[in-house]
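On a predicted model such as this, the values are computed, not experimentally measured, just so you know.
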Amino acid sequence: GFDATCAELFGENPEVADIAWLEWSMLQAGRARDVIPLDGAGFAAATASFGEAEWTGLRLEFQPMAAARQVRANLTAIWKADGEGMPNPVLSQEQGCLVWREGERSTFTLVSAEETRAFVAMQGGASYDEVCIQLAGEGADQTKIEDAAMRAGAMLGHWLNEGMIVSLGA
C-alpha cells in the first residue's frame, strides 16, 4: 500500500508512486520460489497437438510474484539514471510495466498499456480467447478479431521469450 500512499501524498509527481510500486514488486519477485520457465521448445511440444478448442481455452501460469501495472513514469530511464542529467520522469502516454524474476534477479520492462491489460487478465485466469476478445473490443468484426489474435500471439511470444511463463493450462 505504500505506492497508494505515495500517489496520495505526491499526486503531482506520479513517478513517486510508480517507483515505490516497482521497488516493492521487484523485491517480491526476488523472493519468489524458484521455478523453471517454459522455453520455446517446451511450448512447441506442449501445444503441438492443439486444435482450435485447446487454443481458445489456453491459460497461462506465470512466474510466482510476477506483477504488472499501468505506469506514467519512465521507469527504465529513471532506473538507469546516474544522477547527472535526470531524464523527464513522466511518459507522454501511459504504459505498462511487467516485473518478474529472471534467474537469480528481479527484472522489469515497459510495455504497451494493452499488453499490461492482457497480462493482468491472463494472470487472473482469462483464456487466450477471452484476451483476444478483450483486445478486439465489443462487437468486433472478423478482421479485428484476427488482428487481436495476432497481437495476443505476439504478447504470448514476448512473455515466453522473457521466461515469464512456467506452464500451460486449459
Show your reasoning for whether side-chain contact (heavy atoms from CB on, under 4.5 Å) applies to His158 and Glu162. CA-CA 6 Å; His158 177 233; Glu162 293 291 352; 3.7 Å; yes

Can you list everything that forms a salt bridge (charged side-chain N to carboxylate O under 4.0 Å, His left out) with Arg72? Sequence neighbours excluded, please. none

Is any side-chain N of the basic residue among Glu130 and Arg59 closer than 4.0 Å to the acidic one's carboxylate O? yes

Nearest-0.5 Å distance that lies between atom CG in Asp129 and atom CG in Leu58: 10.5 Å

Please answer whether the main-chain N or O of Thr143 pairs with a side-chain N or O of Asp147 as donor and acceptor at a distance below 3.5 Å. no

Test side-chain contact (heavy atoms from CB on, under 4.5 Å) on Asn74 and Gln95 and set out the steps. CA-CA 9 Å; Asn74 187 348; Gln95 286 189 304; over 6 Å; no

How about Leu22 and Cys97: do any of their side-chain heavy atoms sit closer than 4.5 Å? yes

Short question: side chain of Ser127, backbone of Gly57 - any donor-acceptor pair under 3.5 Å? no

For Val35, the rest of its hydrophobic cluster, which grows through side-chain links under 4.5 angstrom: Val166

Sub-4.5 Å side-chain heavy-atom contact between Ile36 and Asp39: no

Should Lys144 and Leu135 count as side-chain neighbours, where that means a heavy-atom distance under 4.5 Å? no

Nearest atoms (heavy-atom pairs only) where Gln123 meets Ala66: NE2-O, 2.8 Å

Any ring-ring contact (aromatic ring centres under 6.0 Å, His included) involving residues 89-108? Give me the pairs, sequence neighbours left out, ordered by first then second residue. Trp79-Phe108

For Gly96 and Val71 the tightest heavy-atom approach is C-CG2, 4.2 Å

For a quick test of reading the model, state the closest non-hydrogen atom pair linking Ala73 to Leu110 and the distance between them. O-CD1, 4.5 Å

Check the pair Arg105, Thr107 against side-chain contact (heavy atoms from CB on, under 4.5 Å), reporting the backbone distance first and the verdict last. CA-CA 6 Å; Arg105 66 181 181 89; Thr107 191; 3.8 Å; yes

Scan for ring-ring contact (aromatic ring centres under 6.0 Å, His included) pairs involving residues 128-148, sequence neighbours excluded, and state none if there are none. none

Phe119 and Trp159 aromatic ring geometry - parallel, tilted or perpendicular at 30°/60° bounds: perpendicular

Are Leu27 and Leu98 joined in one hydrophobic group, where the rule is that I, L, V, M, F, W and Y side chains link up if heavy atoms are under 4.5 Å apart? no

Got a sec, which pairs hit side-chain hydrogen bond (donor to acceptor under 3.5 Å, both in side chains) with one end in residues 41-56, sequence neighbours left out? none

Please enumerate all residues that pass side chain to side chain contact (heavy atoms under 4.5 Å, CB included) together with Ala121, with sequence neighbours excluded. Ala126, Val131, Gln134

Between Trp21 and Ala67, which heavy-atom pair has the shortest distance, and what is it? CZ2-CB, 3.8 Å

Cluster question for you: counting only ILVMFWY and a side-chain heavy-atom cut-off of under 4.5 Å, with indirect links fine, are Phe43 and Met164 together? yes

For Thr116 and Ser112, indicate whether the former's side chain and the latter's backbone hold a donor-acceptor pair under 3.5 Å. yes

Excluding Ile133, membership of its hydrophobic cluster (Ile, Leu, Val, Met, Phe, Trp, Tyr; side-chain heavy atoms within less than 4.5 Å) reads none

Applying side-chain hydrogen bond (donor to acceptor under 3.5 Å, both in side chains), can you list everything that pairs with Asp34, at least two apart in sequence or on another chain? Arg101

Using links of under 4.5 Å between side-chain heavy atoms of ILVMFWY residues, direct or through other members, which residues join Met65 in one cluster? none

Sequence-distant partners of Arg33, side-chain hydrogen bond (donor to acceptor under 3.5 Å, both in side chains), two or more places apart: none

Can you pull out every salt bridge (charged side-chain N to carboxylate O under 4.0 Å, His left out) where at least one residue sits in residues 109-119? Sequence neighbours excluded, please. Glu114-Arg151

Just jot down the side-chain hydrogen bond (donor to acceptor under 3.5 Å, both in side chains) partners of Gln28, sequence neighbours excluded, or say none. none

